[in-house]
*Asks:* 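Just passing along the structure, written as structure tokens.
To find a chain, count down the sequence lines: A is the first, B the second, and so on, and within it residues start at 1.
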2 protein chains.
Amino acid sequence: MIPHVNSPQNNTKVYVEIVKQLRFMIEHNGLNPGDRLPSERELSERLGVGRSSVREALRAIELLGLIETRRGEGTFIRDFRGNQLVQLLSTFILQDKKSIRDVKETKFLIELDCLWLIVQKAEKDQLLTFKKWALEADYTDDDYFLEVVTLADNHLFLRIWMILKDYFNSLDLKIIKVSKSEYAELIDALISKNESEVIRVYRNLRKLSKS
Amino acid sequence: MIPHVNSPQNNTKVYVEIVKQLRFMIEHNGLNPGDRLPSERELSERLGVGRSSVREALRAIELLGLIETRRGEGTFIRDFRGNQLVQLLSTFILQDKKSIRDVKETKFLIELDCLWLIVQKAEKDQLLTFKKWALEADYTDDDYFLEVVTLADNHLFLRIWMILKDYFNSLDLKIIKVSKSEYAELIDALISKNESEVIRVYRNLRKLSKS
DNA sequence: AGCCCACAGTGGTCAGACCAGTTTAATTTC
DNA sequence: GAAATTAAACTGGTCTGACCACTGTGGGCT
């Protein structure tokens, strides 16, 4: 049966329910970028809600850049793997001059989290390749940790980290120079899967006090 | 004069224009979190557009977490410092299960980070007050960890966590019930300043395998 | 003073009406 | 029969008016 929005004790707003339904629909019907969604009127009928509510949901999703609508044609799923939507929504960025300390702290802890994830998830040969690169290639600290965060295989952390990195670089903070051997040492710690060793080496690399 | 939406060569959709107007309004009228926006009907009149278009704009902004709506009262600006993160999270709405895993993973690790920060920073009497509350009051898991993240005293983590929490709740995931004694045990671990104990208790509370 | 209730205001939702495009199918024309 | 034309059916975009549910307020009552 077609799931109706009207569930018992429905506290949440209709349009939010519709957003959920759409997500459900996309997931279960295996819709891919480029595919067309049902028309607004059909969704309205199928979900048993007014068309305006459907539109509220669709407009919200559209502003997120997840769908695209063409008058006369329909509503289509957008290819949002590419992060083009950041542009659109960047209008909302109100520069947050909140304490640099928070940003710093957050960035470091996320890097640590990613290291931890790598210990859990990464394959050994991935790490060996990484180490080889770390010893030979020419890279910046950002390059190095981009690789780390990527290896952690968590897209969300990747996104957050990228933003923090950009913000970080926009402040003229002196960059602590780290030697290749230190970078390699961290990878060795990862390979050894010794969590406390990883933490120790990372802290040392970041010149963080034990705090 | 009041800027109308009807500008010459208006290709963009009305609701997008309204979103812009609202942003303009917030910026130039110096509206702060907690302040009330004009009512939907008033906006409709002032901008010379239909109320439904105003609603489409407001709902879209609401889904971004930038405003909050209370029936019978009005629409309010939300405290969204660090809202850039809204964008990145938004890229995840409607995504595959892997992303859900990422959100879950990220939320848990951030909670763990915050616990770690508390060990470093929190005063003992703060924790004792917290424990008293945890034993007596009636609260949800979100309430509890909101307190945790707040105690960590890192506004950025707070913002990220709030977004993840909201997203999390928007998925209909079964919530694991945790007893008060477990919540209290975690606080005890914090008080003892024993990091590995904190981690152990947290993992147990979240029913996470050692992974 | 304090209580209660009606009223105005606000968001939530729906139905219906147009308009402006696009697609599709039927019809005409060659 | 094939191509061009036209009409109908659909789709999104927008507006209006109507209810409902809820909140805050102020006036009147005790």
*Asks:* Quick check: do Ser52(B) and Arg55(A) have side-chain heavy atoms less than 4.5 Å from each other?
*Replies:* no
*Asks:* For the rings on Tyr144(B) and Phe130(B), is their centre-to-centre separation under 6.0 Å?
*Replies:* yes
*Asks:* So, is Ser52(A) near the phosphate of dG12(C), with a side-chain N or O under 4.0 Å from OP1 or OP2?
*Replies:* no
*Asks:* Give the rounded distance in Å between these two atoms: CG of Leu37(A) and C1' of dC10(D).
*Replies:* 16 Å
*Asks:* Of the nucleotides dT13(C), dT11(D), dA20(C), which has the atom closest to the Ser39(A) side chain?
*Replies:* dT11(D)
*Asks:* Would you kindly give the CZ-to-P distance between Arg36(A) and dT22(C), to the nearest whole Å?
*Replies:* 14 Å
*Asks:* How close or far is atom C1' of dC22(D) from atom CD of Glu68(B), stated in whole angstroms?
*Replies:* 16 Å
*Asks:* Is any side-chain heavy atom of Phe145(B) closer than 4.5 Å to one of Lys107(B)?
*Replies:* no
*Asks:* Is there side-chain contact between Ile191(B) and Leu128(B), with at least one heavy-atom pair below 4.5 Å?
*Replies:* yes
*Asks:* What is the distance from CG of Leu47(A) to C1' of dA15(C), rounded to the nearest Å?
*Replies:* 17 Å
*Asks:* Any base atoms under 4.0 Å from Gly50(A), or only sugar-phosphate, or nothing? Heavy atoms, all strands.
*Replies:* sugar-phosphate
*Asks:* Test for a donor-acceptor pair under 3.5 Å between the base of dG12(D) and the side chain of Arg41(A), counting only N and O atoms.
*Replies:* yes
*Asks:* What is the distance, rounded to the nearest whole Å, between atom CZ of Phe76(A) and atom C1' of dT23(C)?
*Replies:* 11 Å
*Asks:* Among dC15(D), dG11(C), dT13(C), find the nucleotide with the atom closest to the side chain of Glu56(A).
*Replies:* dT13(C)
*Asks:* Could you check how far CZ of Arg55(B) sits from P of dG13(D), rounded to whole Å?
*Replies:* 18 Å
*Asks:* Given the ring of Tyr183(A), does Arg206(A) sit roughly above its face, with NZ or CZ under 6.0 Å from the centre of the six-membered ring and within 45° of the axis?
*Replies:* no
*Asks:* Let's see if you can work this out: which of dC14(C), dA21(D), dG13(D) has an atom nearest to the side-chain heavy atoms of Arg71(B)?
*Replies:* dA21(D)
*Asks:* Have a look at Ser44(B) and say if it touches a base, only the backbone sugar-phosphate, or nothing, with a 4.0 Å heavy-atom cut-off.
*Replies:* nothing
*Asks:* Looking for any heavy atom pair under 4.0 Å, which part of the strands does Ser53(B) touch: base, sugar-phosphate only, or nothing?
*Replies:* sugar-phosphate
*Asks:* Grab the CD-P distance between Glu73(B) and dT10(C) for me, whole Å please.
*Replies:* 12 Å
*Asks:* Any N or O donor-acceptor pair under 3.5 Å from the base of dG12(C) to the side chain of Arg51(B)?
*Replies:* yes
*Asks:* Using whole Å, what does the distance between atom C1' of nucleotide dG12(C) and atom CD1 of Ile18(A) come to?
*Replies:* 12 Å
